[in-house]
Visitor: 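Quick one: the structure is below, and I'll ask about it shortly.
Keep in mind it's a predicted model, so treat the numbers as computed, not measured. Ligands are counted one by one from 1 in listed order, and the atoms in each one are counted from 1 as well.
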Amino acid sequence: MTTPALLEPEGVFIADMTGELSSSTGRYTKRLSELAAIYSDTAALEKAIAEGSDPVIYEVVEYRKSGSDIFFGTTVMNPGVVGEEFYMTRGHFHAQRDMGEIYYTQSGTGLLILESRDGVTREIEMKPGVCAFIPPDWAHRSVNTGTEKLVFVWCCNQSAGHDYGEILRRGMRKRVLRRGTDIVVVPNPSYQ
Ligand code: PAN
Ligand code: ZN
C-alpha cells in the first residue's frame, strides 16, 4: 500500500458577517429565478422577478483539497420572503446515505429543517454558537428567518454528494412562514 502524500495544514479565516473565506477553492450563487420550483407562492415569485429584481438568495463558498476525506465551506443566506415563505436553500439528502454533516452558525438566525425518509421531521434553531449535528440520511434545508444575513459553516465528507431529486419533486413536509412578526412552521399542503 502506498502512503498518501501529506497535505499542508492551513488556518482559514472566516469573516463572521459575510462568510468570506481567506482561502477558498470554489463558489456559486443561487438567485430566485433558479429556485422557482421550491417556493409555493408562484404569483409572488413571478412578480418579484417581473419587477426586475432577481435577488441572490444564497451563496456557497468552499474549501476543498483533493486527497482529503473532509471539506468545508460557508453558506451565506440573504434575508427575505417570497410571499409568506422565508428564503431557503434547495434542501437535499446526501447521495451517500451513511454520511452526515455539521452546520455551525456564525451570524444571523434561522431554522434548519430536517426530515427522515420515513417522514419524521425536526427543526434546529440556527443562531451564533449552535453547531447542528445532521446525522446520516436526514434531508436538510436551511431557512433564514431573520433580518440579517444568515452565515453558517458546514463540514462533511467530500464523497457525501447531493441528492436533490426527491426534495425537488415532492418538497419537504414542513414550510417556514412569516406571519406578521411571527415565524411559523406549518405542514406543507402541497406535500405529496
Ligand atoms: C451545504 C449546502 C448549502 C446549499 O453545503 O449544499 O447550504 O444548500 P443546497 O445544496 O440544499 O442548495 C450542504 O448541506 N452540503 O452537503
Ligand atoms: Zn448537506
Side-chain angles (χ1 to χ4, degrees), residues 12 14-16 18-21 24-40 45 54-65 68-80 82 85-117 121-128 130-146 148-176 188:
V12 177
I14 300 175
D16 57 357
T18 65
E20 198 53 54
L21 272 56
S24 62
T25 56
R27 66 178 61 223
Y28 68 84
T29 295
K30 285 285 168 201
R31 289 184 179 273
L32 183 58
S33 58
E34 301 168 82
L35 301 169
I38 69 174
Y39 292 98
S40 59
L45 182 126
D54 185 9
V56 170
I57 307 297
Y58 58 96
E59 182 175 20
V60 175
V61 187
E62 68 176 36
Y63 180 96
R64 183 195 289 262
K65 297 288 170 178
S68 166
D69 54 348
I70 56 166
F71 77 130
F72 68 93
T74 54
T75 301
V76 182
M77 301 188 68
N78 282 321
V82 178
E85 202 162 15
F86 288 107
Y87 284 1
M88 58 188 167
T89 56
R90 288 167 287 183
H92 58 271
F93 284 97
H94 288 161
Q96 292 297 325
R97 295 178 64 159
D98 59 347
M99 292 184 180
E101 187 162 9
I102 58 152
Y103 279 10
Y104 178 74
T105 301
Q106 277 213 305
S107 60
T109 51
L111 264 188
L112 173 61
I113 58 172
L114 304 107
E115 68 183 50
S116 69
R117 294 192 192 260
T121 62
R122 293 282 186 266
E123 292 97 43
I124 297 177
E125 194 181 354
M126 300 177 82
K127 61 183 181 184
V130 173
C131 186
F133 167 56
I134 302 169
D137 225 20
W138 284 81
H140 43 288
R141 162 180 280 168
S142 29
V143 183
N144 185 349
T145 57
E148 311 291 331
K149 283 184 192 297
L150 172 64
V151 177
F152 62 92
V153 181
W154 45 264
C155 181
C156 64
N157 193 293
Q158 289 203 50
S159 309
H162 296 98
D163 173 7
Y164 292 108
E166 206 171 326
I167 303 297
L168 260 183
R169 203 162 46 245
R170 60 159 177 77
M172 288 186 77
R173 287 170 168 85
K174 296 282 179 67
R175 290 192 176 272
V176 188
N188 178 4

Visitor: May I ask you to identify, for H162, whether its side chain, its backbone, both or neither come under 4.0 Å of ligand 1 on a heavy-atom basis?
Guide: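 It is the side chain that touches ligand 1; the backbone stays farther off.
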Visitor: For atom 10 (O) of ligand 1, what's the nearest protein heavy atom and its distance?
Guide: Y164 OH, 2.5 Å
Visitor: What are the atoms of ligand 1, with element, lying closer than 4.0 Å to any heavy atom of H140?
Guide: 14 (O)
Visitor: If we check side-chain contact (heavy atoms from CB on, under 4.5 Å) with T75, which of these qualifies: V151, L150, N144, V60?
Guide: V60
Visitor: Check this for me, if you would: do E115 and K174 make a salt bridge, where the nitrogen-to-carboxylate-oxygen distance has to be below 4.0 angstrom?
Guide: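 A salt bridge is absent here (no side-chain N lies under 4.0 Å from a carboxylate O).
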Visitor: Any idea which heavy atoms bring S142 and F152 closest together, and the distance?
Guide: OG-CZ, 3.3 Å
Visitor: Classify the contact between R141 and ligand 1 as side chain, backbone, both or neither, using a heavy-atom distance cut-off of under 4.0 Å.
Guide: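 Contact part for R141 vs ligand 1: neither.
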Visitor: Which residue holds the protein heavy atom closest to atom 16 (O) of ligand 1, what is that atom called, and what is the gap in Å?
Guide: E101 OE1, 2.9 Å
Visitor: If the test is salt bridge (charged side-chain N to carboxylate O under 4.0 Å, His left out), which one of R117, R173, R97 qualifies with E166?
Guide: R117
Visitor: Where is the tightest heavy-atom contact between E34 and T29, given as atom of each residue plus distance?
Guide: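 Scanning both residues, the minimum pair turns out to be OE2-O, 3.7 Å.
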Visitor: Return the closest protein heavy atom for atom 8 (O) of ligand 1 as residue, atom name and distance.
Guide: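 Checked against all protein heavy atoms, atom 8 (O) of ligand 1 sits closest to T89 CB, 3.4 Å.
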Visitor: Would you give the angle at the Zn ion (ligand 2) between H92 atom NE2 and E101 atom OE1, to the nearest 10°?
Guide: 170°
Visitor: Taking Y58 as the fixed residue, which of K30, R90, R31 is the one that meets the side chain to side chain donor-acceptor pair (under 3.5 Å) rule?
Guide: R90
Visitor: Check this for me - ligand 1, R90, N or O atoms closer than 3.5 angstrom, yes or no?
Guide: yes
Visitor: For atom 2 (C) of ligand 1, what's the nearest protein heavy atom and its distance?
Guide: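 Protein heavy atom at minimum distance: H92 CE1, 3.7 Å.
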Visitor: What protein heavy atom lies closest to atom 12 (O) of ligand 1? Include the residue and the distance to one decimal.
Guide: Y58 OH, 2.5 Å
Visitor: Whether the N78 and K149 side chains hold a donor-acceptor pair (N or O, under 3.5 Å, no angle test) is what I'd like checked.
Guide: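 Yes, K149 and N78 have a side-chain donor paired with an acceptor closer than 3.5 Å.
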Visitor: How large, to 10°, is the angle at the Zn ion (ligand 2) when you draw lines to NE2 on H140 and to NE2 on H94?
Guide: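 That angle works out to 100° after rounding to 10°.
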Visitor: Ignoring hydrogens, just give me the one of Y28, W154, Y103 whose non-hydrogen atom is nearest atom 14 (O) of ligand 1.
Guide: Y103
Visitor: How does F71 reach ligand 1, by side chain, by backbone, by both or by neither, if only non-hydrogen atoms under 4.0 Å count?
Guide: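 No part of F71 comes within reach of ligand 1.
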Visitor: What protein heavy atom is closest to atom 7 (O) of ligand 1, reported as residue, atom name and distance in Å?
Guide: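 Atom 7 (O) of ligand 1 sits closest to the protein heavy atom T75 OG1, 2.8 Å.
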Visitor: Is a donor from one side chain sitting under 3.5 angstrom from an acceptor on the other, for H92 and H140?
Guide: yes
Visitor: Does the side chain of Y39 come under 3.5 Å of the side chain of R175 through a donor N or O and an acceptor N or O?
Guide: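 No, no side-chain donor-acceptor contact under 3.5 Å.
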Visitor: Are any of the N/O atoms on G91, whether in the backbone or the side chain, positioned under 3.5 angstrom from an N/O atom of ligand 1?
Guide: yes
Visitor: Near E148 CD, under 6.0 Å, is it more than 12 heavy atoms from other residues, nucleotides or ligands?
Guide: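 Incorrect, the count does not exceed 12.
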